[in-house]
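Some notes on the structure that comes next.
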Amino acid sequence: MNRALEILKERGFVQQCSDLEGLSNLMDEGPITFYIGTDPTGPSLHIGHMVPFFAMRHLRDAGHRGIALLGGGTARIGDPSGKTEMRKLISYEEIDANTERFIDQLDRFIHFDGVNALTANNKDWLSNLNYIEFLRDIGRHFSVNRMLSFESYRMRLETGLSFIEFNYQLLQSYDYLQLYKLHGCRLQIGGDDQWGNIVAGIELIRRVEGAECYGLTFPLVTTSDGKKMGKTEKGALFLDPEITSPYEFFQYFRNVPDSDVERFLLMFTFLPIDECRYLGSLKDKALNEAKERLAWEVTSLIHGEEEANKALSAAKAAFRGEGDASQLPTIEVEISRLDSGIGVLDLFVEAGLAPSKSEARRLVKQSGASVNGRKIENEMQILTSRDLENNALMLRAGKKRVARVVPKS
RNA sequence: GGGGAGAUUCCCGAGUGGUCAAAGGGGGCAGACUGUAAAUCUGUUGGCUGUAGCCUUCGAAGGUUCAAAUCCUUCUCUCCCCA
């Protein structure tokens, strides 16, 4: 098999391929152009979005040319695939703003040089489509019967599917056709929930252009306990450090289940395959340390080495008391307030360790709250500047959540 | 257009006048056990407040009643059947 494909397969990226042999042969002949589409429907990319982009880097490094297609047009509609509810419509301004952020975040990871890595926006050809022409040229190639047989639509038939969403597949197929015509794109990669849409695009190109294109999907990444990958208690693991701090990001990977270490190393880092396998094969405590490596590598790829080091240091401070505590999540409190004293409950809420005073109270009652290593027994306790140690209060909620309070004059 | 069913707390889903902040499950959080893992067990899970109390919540707005998630009216939305 083609070497680049081989790598993807070994690293666990391959779920389905429209024609693995054909694709392999094509890639052996020389560099190909491929694309991956993402709809800018949120304020930031999250880790789940990144799987195809890791693949993009592997392919690019093997000499192929990748296009990151931003769905500035399709985001106006919403893809029903894999969802059980209609996506709410987003304003055009919001979509454009999201698009810019997405490109920005991706550029740091992919580095679009305009030669081997480029971006495109389907808004360019979708926003002014002529309805009648579109139906004549594209719509006629789609069989409703066939579309209804797809799992993603069948599922939604139960709960309701609006006509515009139903059209999503046509638009995505049209994207592929456009990229084929404009850039000679021969391969579309994406998450496995995109399979139906990708195949539809391949068929469209075959009918309209008589050309053979390919599709390759990646497994939808879940943790081995069945949870969606990258879900934290607050939601997804975002790339934007304002939404998900590098420390949180680091901790997510630091706490991944044992059985996922190898898989995540293979997919979310560029460490050599052998090393990933070795690290993943470790047992007990040693495996626990492999998680640290995993967390550092991924954080470094997304946020840079410096942030990764800070996060690592903060984690060490929180759990082993040896790193740099100043890198932990920190809030500042007016020194005058500290002098007069603040109730523990309020402090925990302010530090973001509890969403409400009731929660904070519960935390204390269940003996999950501590300050500077001492358990809080009384929910009425008042903390003052006399409780500062090294000019800080170290708040802990449960075993894993930590926040530091420092005085501000 | 006609007929029927439904909208409950983060999710699913009970609840048909007071004993309902609302069963049960899921998820979350905390504790025990550990390795910052998994599994398991226990507790907890609207808000504010000294465990007494007060406030907000059962699609929306009105109304009946001492008292409503539960009854009435109108509205919005969803699903199903017929045309």
Side-chain angles (χ1 to χ4, degrees), chain A residues 80 83-89 154-163 165 222-237 245-265 279-296 298-299 311-323 325 327-329 343-346 348-371 373 375-382 394-403:
Chain A
K83 302 188 180 58
T84 48
E85 278 177 16
M86 177 164 174
R87 195 146 74 188
K88 55 178 185 294
L89 297 178
R154 211 186 313 168
M155 202 166 67
R156 288 295 300 277
L157 247 25
E158 312 272 324
T159 54
L161 177 66
S162 84
F163 185 68
E165 287 183 275
T222 53
T223 53
S224 54
D225 49 356
K227 285 181 200 139
K228 257 189 218 147
M229 157 75 196
K231 288 287 173 193
T232 65
E233 58 277 19
K234 286 185 199 154
L237 249 208
S245 72
Y247 173 73
E248 277 179 87
F249 189 92
F250 180 97
Q251 281 299 308
Y252 177 83
F253 284 95
R254 180 62 185 75
N255 283 301
V256 125
D258 284 10
S259 44
D260 292 325
V261 173
E262 179 175 314
R263 200 156 52 97
F264 286 3
L265 278 166
L279 287 168
S281 71
L282 295 172
K283 296 277 178 274
D284 304 321
K285 267 199 156 135
L287 179 61
N288 203 20
E289 272 154 39
K291 290 181 191 176
E292 196 169 273
R293 183 73 189 280
L294 168 68
W296 189 88
V298 186
T299 309
L312 174 62
S313 187
K316 282 184 173 165
F319 294 98
R320 294 183 217 159
E322 62 187 32
Q327 296 305 326
L328 285 168
V344 247
L345 300 184
D346 290 312
F348 270 78
V349 172
E350 274 189 51
L353 294 177
S356 67
K357 288 182 80 172
S358 295
E359 283 278 355
R361 199 185 310 276
R362 220 169 276 140
L363 194 65
V364 172
K365 270 188 191 148
Q366 297 182 137
S367 59
S370 74
V371 172
K375 187 168 290 180
I376 301 297
E377 313 275 0
N378 179 2
E379 60 188 60
M380 299 310 288
Q381 188 168 335
I382 303 291
M394 180 81 106
L395 273 47
R396 215 172 260 274
K399 293 189 193 83
K400 290 190 205 154
R401 292 178 302 134
V402 192

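Side-chain atoms are counted along with the backbone in the values below, which use heavy atoms only and exclude waters and symmetry mates.
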| Nucleotide-resolved protein contact map, nucleotides 49-57 of chain B, B/S/- at heavy-atom distance under 4.0 Å | BS-------

Provide the distance between the two [atom1] atoms, one in [N] and one in [M], to the nearest whole Å.
N: U8(B); M: U56(B); atom1: C1'; answer: 15 Å
N: G53(B); M: G6(B); atom1: C1'; answer: 37 Å
N: G27(B); M: A39(B); atom1: P; answer: 9 Å
N: G59(B); M: C10(B); atom1: P; answer: 13 Å
N: U70(B); M: A22(B); atom1: C1'; answer: 12 Å
N: A21(B); M: U51(B); atom1: C1'; answer: 16 Å
N: A60(B); M: C77(B); atom1: C1'; answer: 10 Å
N: G18(B); M: A67(B); atom1: C1'; answer: 6 Å

Check: [X] side chain, [Y] main-chain N or O, donor-acceptor pair, under 3.5 Å:
X: K291(A); Y: V256(A); answer: yes
X: D284(A); Y: A286(A); answer: no
X: R401(A); Y: L353(A); answer: yes
X: R254(A); Y: A315(A); answer: no

| message | Nearest heavy atom decides the nucleotide; on that basis, is S367(A) or V349(A) closer to the 5' end of RNA chain B? | response | S367(A)

| message | Go nucleotide by nucleotide along RNA chain B from the 5' end; which of R254(A) and K375(A) gets its closest nucleotide reached first? | response | K375(A)

With both distances kept under 3.5 Å, what pairs with [N], Watson-Crick or G-U wobble?
N: A39(B); value: none
N: U57(B); value: none
N: U9(B); value: none
N: A52(B); value: none
N: C33(B); value: none
N: A67(B); value: none

Rounded at 0.5 Å granularity, tell me how far [atom1] in [X] sits from [atom2] in [Y].
X: T299(A); Y: F249(A); atom1: OG1; atom2: CZ; answer: 5.5 Å
X: N288(A); Y: K283(A); atom1: CG; atom2: NZ; answer: 13.5 Å
X: L363(A); Y: K357(A); atom1: CG; atom2: NZ; answer: 14.5 Å
X: F348(A); Y: R396(A); atom1: CZ; atom2: CZ; answer: 10.0 Å
X: L279(A); Y: E289(A); atom1: CG; atom2: CD; answer: 11.0 Å
X: S367(A); Y: E377(A); atom1: OG; atom2: CD; answer: 8.0 Å

| For I382(A), all residues meeting side chain to side chain contact (heavy atoms under 4.5 Å, CB included), sequence neighbours excluded | T384(A)

Euclidean distance, atom [atom1] of residue [X] to atom [atom2] of [N] [Å, nearest integer]:
X: D260(A); N: A38(B); atom1: CG; atom2: C1'; value: 10 Å
X: L287(A); N: G35(B); atom1: CG; atom2: P; value: 13 Å
X: K291(A); N: G35(B); atom1: NZ; atom2: C1'; value: 7 Å
X: L294(A); N: A37(B); atom1: CG; atom2: C1'; value: 13 Å
X: D284(A); N: A38(B); atom1: CG; atom2: P; value: 15 Å
X: N288(A); N: G35(B); atom1: CG; atom2: C1'; value: 4 Å
X: R396(A); N: C29(B); atom1: CZ; atom2: C1'; value: 17 Å

Side-chain N or O of [X] closer than 4.0 Å to phosphate OP1/OP2 of [N]:
X: S356(A); N: G47(B); result: yes
X: K400(A); N: A30(B); result: no
X: K399(A); N: A32(B); result: yes

| With a 4.0 Å cut-off on heavy atoms, is A397(A) in touch with a base, just the backbone sugar-phosphate, or nothing at all? |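 Sugar-phosphate contact only.
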
| Base, sugar-phosphate alone, or nothing: which one does Q251(A) contact when heavy atoms must sit under 4.0 Å apart? |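 The answer is base, as Q251(A) lies within the cut-off (heavy atoms under 4.0 Å) of a base atom.
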
| Anti versus syn assignment for U8(B), with syn defined as within 90° of 0 |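 Chi for U8(B) falls in the anti range.
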
| field | Short N-O contact, E359(A) and K365(A), less than 4.0 angstrom | value |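 Looking at E359(A) and K365(A), the cut-off is not met.
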
| task | Would you indicate which nucleotide in A38(B), A30(B), G35(B) comes nearest to any side-chain atom of R401(A)? | result |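 Shortest atom-to-atom distance from the side chain points to A30(B).
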
Quick one: which protein N/O atoms are closer than 3.5 Å to N/O atoms of nucleotides 43-45 of chain B? Pair and distance per line, please.
| unit_1 | atom_1 | unit_2 | atom_2 | d |
| --- | --- | --- | --- | --- |
| G43(B) | N2 | Q366(A) | OE1 | 3.0 |
| G43(B) | N2 | Q366(A) | NE2 | 3.4 |
| G43(B) | N3 | Q366(A) | OE1 | 3.4 |
| U44(B) | O4' | Q366(A) | OE1 | 3.2 |

